[in-house]
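Naming convention: chains lettered A, B, ... in sequence-line order (proteins, then strands); numbering from 1 in each chain.
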Amino acid sequence: MQLPDPSFLLIQCLSGLTYAMFLFLIASGLSLIFGILRVLNFAHGSFYMLGAYLTYQFVSYFINSPAYFWWAVLFASVSVALIGGIIEMLLLSRLYVREELNQLLFTYALVLILGDFAKIIWGTGQLSISRPAILKGAVQIFGQYFPEYNIFIILLGPGIALLFWLIMTHTRWGRIIRAAALDREMLGTLGVNVSWLFTVVFTIGAWMAGLGGALVAPIAAIVPGMDVEIIISAFIVVVIGGLGSFWGTLLGAVILGQVISFGILVLPRLSMVFIYILMAVVLILRPWGLLGKPLKR
Amino acid sequence: MPRENWFLVIIILCLALLPMSESRFYIFLGTDILIMGLFAVSLNLLLGYTGLVSFGQAAYFGIGAYTCALLMKKASVAFPIAFAAAAVFGAVAALIIGFFCIRLTKIYFAMLTLAFSQIVWAIVFKWNSLTGGDNGLIGIPFPQHLDSPTRFYYFTLFVVVLSLFLLRKLVNSPLGRMLTTIRENPERTEFIGINVKKFQLIAFMISGFFSAIPGALFGIFNHSIFPDLLFWSHSAEVLIMTILGGMYSFFGPMVGAAVILYLRMLVTSYTQYWPLIMGTILTLLLFFFPGGILGFLRSQLTFLKRNR
Amino acid sequence: MLAVEKVKKSFDGFVAVNGVSFSIKRGEICAIIGPNGAGKTTLFNLITGHLPVDEGKLFFKGMDITHMPPHRICRLGMGRSFQRTNIFPRLTVFQNIQAAVLVHRGKSLNFLKPVESFFREETQAILKRVGLKDYGETVSGSLSYGFQKQLELGIALASEPELLLLDEPTAGMSAQETHQTIELIGRITKEKGLTLLFTEHDMEVVFSIAERIMVLHQGRLIAEDTPEEVRKNSEVQKIYLGEGR
């Protein structure tokens, strides 16, 4: 077998990294919600999908404005956040007293409902939007072209991660959220309005998923089914990295992005298998994930 | 005989009379419900009785389907042997996979069962020469004497009733009670002297055994099988049937399977938006009938009795 | 009966139990006292195998149980109750006790006969002993707190243990419930000739039934003596008064 060209490998690595940044956005929202609400939100992928579809929609409204894409991203992600917040406030919050399985089932029902809503509104065909004007070009890396937009995403990912981390470590809300994730019984003693905290956290999580979907819209096909595809990957990222571990989620996303990106060269259509094998190995050897902490009894 | 058993006898009799309708539609639907119902009850041995959320039960269903079909089609093995081998293969696979899974708890357990089932799915998908890969396995021969829908329906009814009889005996036995105590409180169960992991593995294996049986039936019923049978969405589907029907009652999952399959048949003839209807039903059920369909019916019955 | 030798356990650098040694003779009634966070519950979890020890050894009836899993330690004849009530909430009171009897009599793997037919009398006898004979068919999760504690005691007794470990048997009880529970424990211990090791925050309870008291403070055993001597011990007084009790 001939060794592939190194520049090709680099490009492959970069496209894996691009995917990883989307995964990171989705998975850290998922992990945040799980950490505080103890709800495994199946509908997180649906929020991501809605983010993409709504961006498509808003782009058509704002098309005459010069920065139409960025307006669309803003409006779409905020709309998704609002939808998430409303669902949490009106419905999900009523299920906290029940067994965990009920919450899981409800978020799964949301997947079914939102998926069909998207089909009814936007049809089953594949939609797409073009990349924003300032990032339309491509840069040359060792003779290969790589889109500027992807470079932007790769740089944005760590930026958001850093921002998120700073909020979590340096603000009152961040500290409350971290304390709550570690020990839920402490919540009552911290003097916070718990149901309000849950709504806020769920809204932020939904916003991150919506943002991920909005940003992916120019470089991926907007189709029904993108919700389910991403949610399983996001679950795996969170589990591999370690539930509730912020840096673990980042690491998990990067690993998954690379494995998918290179796995596709070995087994087209089945690159996800490597991920499942990886997840099985991690869970068997280190059940609490690569950077997670073992649960206290 | 207790009243519940009389009730069951009547239901079995009704099911036995179903082919009298001479409607191919109902015979097919009946067979489908019996098969998926047994699958759901097998899953519920883990979910409702042992408190283990398996998110990869389709693997054992699929292993049963492929074992039986491959042995008959490629090795010309007689149906009864192929059928028994399917169940045994399901149990062995569950034993091996379960050995790793039971060391984890809750969400981690669910994710590991998912990972393994997806690996099994990928093997079936990729192993073209044996399984036919993505194109599936087509033209599975009919076993002798089971070559009409009615005959196959009776055979399915017999197998399902026998399996349910055995499973019911199991959950009502001391072993079954131990599984329930594990569900309720594994820490305490450990300290009445039970090796919790060992019992969980036993449950996992039995569940694999009884999940492979409907799988084998399914392959023959449809003449063909595809890797989709092992995909995680199939695991999710049976999980929903189980919870919807009621995971804290033995026959709940069976009822869940019947309701979902019947509704799907009904709804899909009018609209393509079955998931929307299904999601709405699930939501309504969650908010208004938290104990599942059978749980709800049961509470209504006791309510009626009290008011008499 | 039980020997604890230089047992040590730490979590993330915090030393919860620091080189504790003691032993208990058959038939003794011993209490472990100490302020919150002294390491009492951790020590119990080490003895029953729920937590692995970092250093040191544990012996039960002369056997090394240091690395044994909880279910085997239980089968050797050790019973325990937990600080937070630990029952099978969706099962009836009868079923709770019966489960423990089934395991103790080696019927846990039977999968042929209906479970109802097993050990009805034995189970009833235990229900009666712990004062729950009228509540057999009640779903245990709906019992009052005091009854749940009694049920837990019943579950522990169903395994016919020789050594019984009780973690705060009267925690959260009213004065009357406490009184009844203590009477019950004292009676059963005598009748069955049990060895008893318990932790308790209520000093009145401790001094009323314990024959020997061990005082745990910051993971160390600082005193071990008869109730009278412990009461006089200046170091013990300092810890308790210092805490404002």
For atom [atom1] of [X], decide whether the heavy atoms of other residues, nucleotides or ligands shown that lie under 6.0 angstrom number more than 12.
{"X": "B/W127", "atom1": "CH2", "result": "no"}
{"X": "B/F250", "atom1": "CZ", "result": "yes"}
{"X": "B/Y262", "atom1": "OH", "result": "no"}
{"X": "A/F117", "atom1": "CZ", "result": "no"}

For chain B, which of [options] has the most heavy-atom pairs under 4.5 Å?
{"options": "A/L110, A/V273, A/I232", "result": "A/I232"}
{"options": "A/L101, A/I120, A/L95", "result": "A/I120"}
{"options": "A/L278, A/L105, A/V282, A/V228", "result": "A/L105"}

Which bit of A/F274 comes within less than 4.5 Å of chain B, counting heavy atoms only: side chain, backbone, both or neither?
neither
[X] versus chain A, the contacting section by heavy-atom distance below 4.5 Å:
{"X": "B/L104", "answer": "side chain"}
{"X": "B/Y273", "answer": "both"}
{"X": "B/F55", "answer": "side chain"}
{"X": "B/L276", "answer": "both"}
{"X": "B/W121", "answer": "side chain"}
{"X": "B/I107", "answer": "side chain"}
{"X": "B/L285", "answer": "neither"}

Parallel under 30°, tilted from 30 to 60°, perpendicular over 60°: which one fits the rings of A/W122 and A/Y53?
parallel
Check the orientation of B/H234 and B/F39. Use parallel for under 30°, tilted for 30 to 60°, and perpendicular for over 60°.
tilted
Quick check: under 4.5 Å, non-hydrogen atoms only, which of residues 236-243 of chain A neighbour chain B?
A/I236, A/V239, A/L243
Which atom pair, heavy atoms only, marks the closest approach of [X] to [Y]?
{"X": "A/T107", "Y": "A/L40", "value": "OG1-O, 3.5 Å"}
{"X": "A/M49", "Y": "A/M226", "value": "CG-CG, 3.7 Å"}
{"X": "B/G208", "Y": "B/Q57", "value": "N-NE2, 4.1 Å"}

Under the salt bridge (Lys or Arg N to Asp or Glu O under 4.0 Å) definition, can you give me all pairs with a residue in [range], not counting sequence neighbours?
{"range": "residues 230-243 of chain B", "answer": "B/E237-B/R264"}
{"range": "residues 228-250 of chain A", "answer": "none"}
{"range": "residues 278-290 of chain A", "answer": "none"}

Among B/C101, B/A115, B/P275, the residue with the most heavy-atom pairs under 4.5 Å to chain A is B/P275
